[in-house]
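Given the structure is predicted, the values throughout are model-derived calculations rather than measurements. Numbering of residues begins at 1 and proceeds along the displayed sequence. Values below: every heavy atom of this structure, side chains too, minus hydrogens, waters and symmetry copies.
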Amino acid sequence: MRVRFGFQLSVTTLFVAVVLAVGLTLVFLSFDRARSITRSAALAFIDRVADHTADRVDGQFKDVLDILEVLRQLEPVESGTILGNPSLYATLAALLRRHGQLYNLYIGYDDGGFIELDVLDRAGPAARAQLHAPPDAAFRLTVMETPAGETSRIRFTSYLSSDLAILAQDHRTADYDPRERPWYRDAFHPGAGPITEPYVFELANLIGYTVRAPFPQGRRGVVGGDILLTETDAFLRSQKLGTSGVVFLFDDSGRIVAHPRMEEVFNARAAEPPLDLPRLGQFVAIDIAQPLSTWQRGGAAQQIFEAADGRTYVVAFRSIGTARSSGLSLAVMAPLDEFFAEIEAGRRRLFLLALGLVLAALPVVWWIGSMLSRSMKALAFETDRIQRFETGGSSRRIRSIIREIDDLGRSVATMRTVVRTFASFVPKRLVQQLVATGDALQPGGSRREVTILFTDITGFTAITEKADPEQVMLRTSHYLAVLSAVIAEHGGTVDKFVGDAIMAIWNAPADDSDHVAHACAAVLACLEANRKLNGAFEREGWPAYRTRFGLHTGEAVVGTIGSEDRMAYTVLGATVNLAARLEPLNKEYGTEILVSEAIQRRVSDRFAFRAVDTIQPKGFQARIQVYELCGELNEHSRRGDRA
């Protein structure tokens, strides 16, 4: 079928296409330029975030190192007066109150002496419960020392209130030697860093570092403190980098040390000790191995890279200077497209603006197109009249300010005169036949074997009398659609609907060598589909449609019938009449599917039938055996029949 468009619509569409093409090209070019600027801005922004975050983390370590530097120079620390020294305990408590990232402060000596003050609430409620601390206790004080007159070290444990009042205390033989701990063993070695490797504090299931400062003078030893990274995790969560950007800390071994989701993951795994630090690949969904390797080899600290998920990411790396000895580094990463959010919004605004301008100009363009279209329609109307030889009456010259249309109007006027003159010499009917195109559809048909199906709904009239007409139409249309689909699936053609009834044929118009079997299978499938549909109807409070089927095969005339202005493709003959007679007989015999003997003979080896009666339908001279179609035979039944 040839597609044609109106002149007015074509002009308007062309205008819209040109304007949109120009407008969208400008939008794209502006976006491309803005995209380049945004990539540079994204790198600069991610660089500032990395610097700010690295400075913040580095500052935490520096603050603790400053505390330890002051602490190791105190006279009670150098002299080792740690047992029964309330002023020392007060100093430790004051330092802990001032620095929230510290969980504890402690001092270990070469002779095994040890003192530690812990802030209980900074390790979480689980640690407090594990220690069986009194509800009002704010600190736990542990002192391991050899009292005067004793030969072995004793562990003294006290739980203190916020004002350092003793709430509970006990003592037992010392079970801890600071000299055996990693933070103490290599503290005096040349090149030993002030910060240890990260590890999981078993008491609280939290990640942290030990910061230490050795002192050789006096009672030689090491002062230290544990930094828990819960506050760092919270700070990382506060860094907003779009919807999926992330800031995290990791070490040279590829272990995640701090992450916005670290607390969530550790809480979920709290029941699976021992806990270990997660690896980069386990915790960070995006593989950053390539940009990380580039940075570690001395490449750029800010990079843009393509990830496996198809998105482009911007990433920045920083080393934490104070924790260089532990290999601590920072990564800031975010999808680049999230930096384009504002530009995308601007591009949408530009597009909408261009679209608005087009819409505003449409009435003007439509009016211009209408002016041109009127002339073209008038010319088409005149040429149609000429084709129909309606050349009588006064002739009107079509004029236009468009030169080509005006010339065409003059040509049409000339053609009218020529045809009118020509028609005076040649018979009009002959001329009309010569200029006519296309072949008209002619009635006629051919004889061929077909299988005919008729269906009807039992008691349909009673249903329609009581039901809402609109619902009747909706439900019945649904019913007819379901059965028609089944018939089509089995190679049948629905010839017509007569109210609630269906007439279908097989082996016409397309050839089907096995049309009888296909028709039988279709009827059984229709019956099953009808049952399912009735189940849905009954659940919805609608009466069931119980269908009767009549099936016959034989010769019939197949073709086009009707008048010149209305025709239909159908089948005619005694075969059709007999199929139509079988359907209502179901009511008399209490059956659902009645078929003729011709059907039974053709497919008795593939379907099960039950003999019902021998009848003489009205208008038929011979008596006919009718059967009920019961179902399809399975392979086992077929082999038994052949045996």
| query | Quick one: do the Ser161 and Asp136 side chains pair a donor with an acceptor below 3.5 Å? | reply | no

| query | Yes or no on ring-ring contact (aromatic ring centres under 6.0 Å, His included) for Tyr545 and Phe537, after CA distance, side-chain angles and deciding distance? | reply | CA-CA 8 Å; Tyr545 284 178; Phe537 280 174; 5.4 Å; yes

| message | Donor-acceptor check, side chain of Asn534 to backbone of Asn530, threshold 3.5 angstrom: yes or no? | response | yes

| note | Result for side chain to side chain contact (heavy atoms under 4.5 Å, CB included) between Thr157 and one of Arg140, Gln169, Met144 points to Arg140

| said: Before you tell me yes or no, could you show the steps for Ile288 and Tyr313 under side-chain contact (heavy atoms from CB on, under 4.5 Å), namely the whole-Å CA-CA distance, both residues' side-chain angles and the distance that decides it to 0.1 Å? | reply: CA-CA 10 Å; Ile288 62 170; Tyr313 286 79; over 6 Å; no

| message | Side chains of Val223 and Leu105, heavy atoms from C-beta outward: is any pair under 4.5 Å? | response | no

| request: Would you mind checking if Asp110 and Arg179 are paired as a salt bridge, meaning a charged N to carboxylate O distance below 4.0 Å? | output: no

| message | Distance to the ring centre below 6.0 angstrom and angle to the axis at most 45 degrees; does that hold for Arg72 and Phe215? | response | no

| message | Donor-acceptor check, side chain of Gln303 to backbone of Pro291, threshold 3.5 angstrom: yes or no? | response | yes

| When Tyr159 is tested against each of Leu120, Ile166, Asp170 for side chain to side chain contact (heavy atoms under 4.5 Å, CB included), which residue passes? | Leu120

| said: Tell me whether Asp226 contacts the main-chain N or O of Tyr103 through its side chain, where contact means a donor paired with an acceptor under 3.5 Å. | reply: no

| field | Side-chain H-bond candidate by donor/acceptor type, Thr146 with Glu150, under 3.5 Å | value | no

| request: Using atom types as modelled and distance alone, determine if a side-chain donor or acceptor of Gln73 lies under 3.5 Å from a backbone N or O of Glu69. | output: yes

| side-chain contact (heavy atoms from CB on, under 4.5 Å) between Ile67 and His99, intermediate numbers included | CA-CA 9 Å; Ile67 292 172; His99 298 277; 2.6 Å; yes

| query | Is there side-chain contact between Asp251 and Pro198, with heavy atoms separated by less than 4.5 Å? | reply | yes

| message | salt bridge (Lys or Arg N to Asp or Glu O under 4.0 Å), that's the test. Do Asp186 and Arg212 meet it? Break it down for me. | response | CA-CA 11 Å; Asp186 62 349; Arg212 63 192 177 186; 2.8 Å; yes

| said: Can you tell me how the ring of Trp295 sits relative to the ring of Phe317, calling it parallel under 30°, perpendicular over 60° and tilted otherwise? | reply: parallel

| Phe139 side, atom CZ; Leu160 side, atom CG - distance, nearest 0.5 Å | 8.0 Å

| field | Which atom of Ala187 lies closest to which atom of Ala192, heavy atoms considered | value | O-CB, 3.9 Å

| request: Output every pair passing side chain to side chain donor-acceptor pair (under 3.5 Å) with a member in residues 89-98, not counting sequence neighbours, ordered by first then second residue. | output: none

| Tell me, do Thr173 and Arg155 make a side-chain contact under 4.5 Å, heavy atoms counted? | no

| Which heavy atom of Pro147 sits nearest a heavy atom of Ser152, and at what distance? | CD-O, 4.2 Å

| remark: Nearest heavy-atom contact between Ala50 and Leu330 is O-CD2, 3.4 Å

| remark: Rounding to 0.5 Å, atoms CG (Leu328) and CG (Asp252) come to a distance of 9.0 Å

| query | Would you say the side-chain atoms of Tyr176 and Thr142 include a donor-acceptor pair closer than 3.5 Å? | reply | no

| Side-chain H-bond candidate by donor/acceptor type, Ser87 with Asn85, under 3.5 Å | yes

| message | I'd like to check Leu92 versus Tyr106 (side-chain heavy atoms, cut-off strictly below 4.5 Å). Are they in contact? | response | no

| field | Any residue meeting side-chain hydrogen bond (donor to acceptor under 3.5 Å, both in side chains) with Arg475, in chain and number order, not counting sequence neighbours | value | Gln471, Glu540

| query | Within the side chain of Arg279, is there an N or O that forms a donor-acceptor pair under 3.5 Å with the backbone of Ser253? | reply | yes

| field | Glu116 vs Leu141, side-chain contact (heavy atoms from CB on, under 4.5 Å): CA-CA, chis, key distance, verdict | value | CA-CA 6 Å; Glu116 176 180 347; Leu141 175 65; over 6 Å; no

| request: Using the side chain to side chain contact (heavy atoms under 4.5 Å, CB included) rule, pick out the option among Asn104, Leu102, Ile195 that qualifies with Ile227. | output: Leu102

| task | Mind checking the CD1-CG spacing from Ile82 to Leu88? Nearest 0.5 Å is all I need. | result | 8.5 Å

| query | With a 4.5 Å heavy-atom cut-off, do Thr294 and Phe305 have their side chains touching? | reply | no

| Interatomic distance, His478 atom NE2 to Leu483 atom CG [nearest 0.5 angstrom] | 10.5 Å

| field | For the student: nearest non-hydrogen atoms of Ala529 and Val482, plus distance | value | CB-CG1, 3.9 Å

| Just by modelled atom types, is the Gly112 backbone N or O under 3.5 Å from a matching donor or acceptor in the Arg153 side chain? | yes

| request: Might you point out which heavy atoms bring Ala323 and Phe61 nearest each other, and give the distance in Å? | output: CB-CE1, 4.3 Å

| said: So that I know where these two stand, are Trp542 and Tyr479 an aromatic pair - ring centroids less than 6.0 Å apart? | reply: no

| said: Could you walk me through whether Met333 and Ile46 satisfy the side-chain contact (heavy atoms from CB on, under 4.5 Å) test, starting with their C-alpha distance in whole Å, then the side-chain angles of each, then the deciding distance to 0.1 Å, before giving a yes or no? | reply: CA-CA 8 Å; Met333 182 176 63; Ile46 213 84; over 6 Å; no

| message | Can you confirm whether Val315 sits close enough to Gln302 that some side-chain heavy atom of one is under 4.5 Å from a side-chain heavy atom of the other? | response | no

| Any salt bridge between Lys62 and Asp66, counting N to O under 4.0 Å? | no

| field | Note: Arg219-Glu145 ion pair, threshold 4.0 Å (strictly below) | value | yes

| message | Treating Ser79 as the side-chain partner and Glu75 as the backbone partner, does any N or O pair qualify as donor plus acceptor under 3.5 Å? | response | yes

| task | Identify the heavy atoms of Gly321 and Asp58 that sit nearest to each other, and give their distance. | result | N-OD1, 3.6 Å

| field | CG-CG distance between Leu336 and Leu43, expressed to the nearest 0.5 angstrom | value | 8.0 Å

| Phe250 vs Phe248 aromatic rings, parallel, tilted or perpendicular, using cut-offs 30° and 60°? | tilted

| Do Glu197 and Arg255 sit within salt-bridge range, that is, some charged N less than 4.0 Å from a carboxylate O? | yes

| task | Measure the CZ-NE2 distance between Arg48 and His52 for me, rounded to the nearest 0.5 Å. | result | 12.0 Å

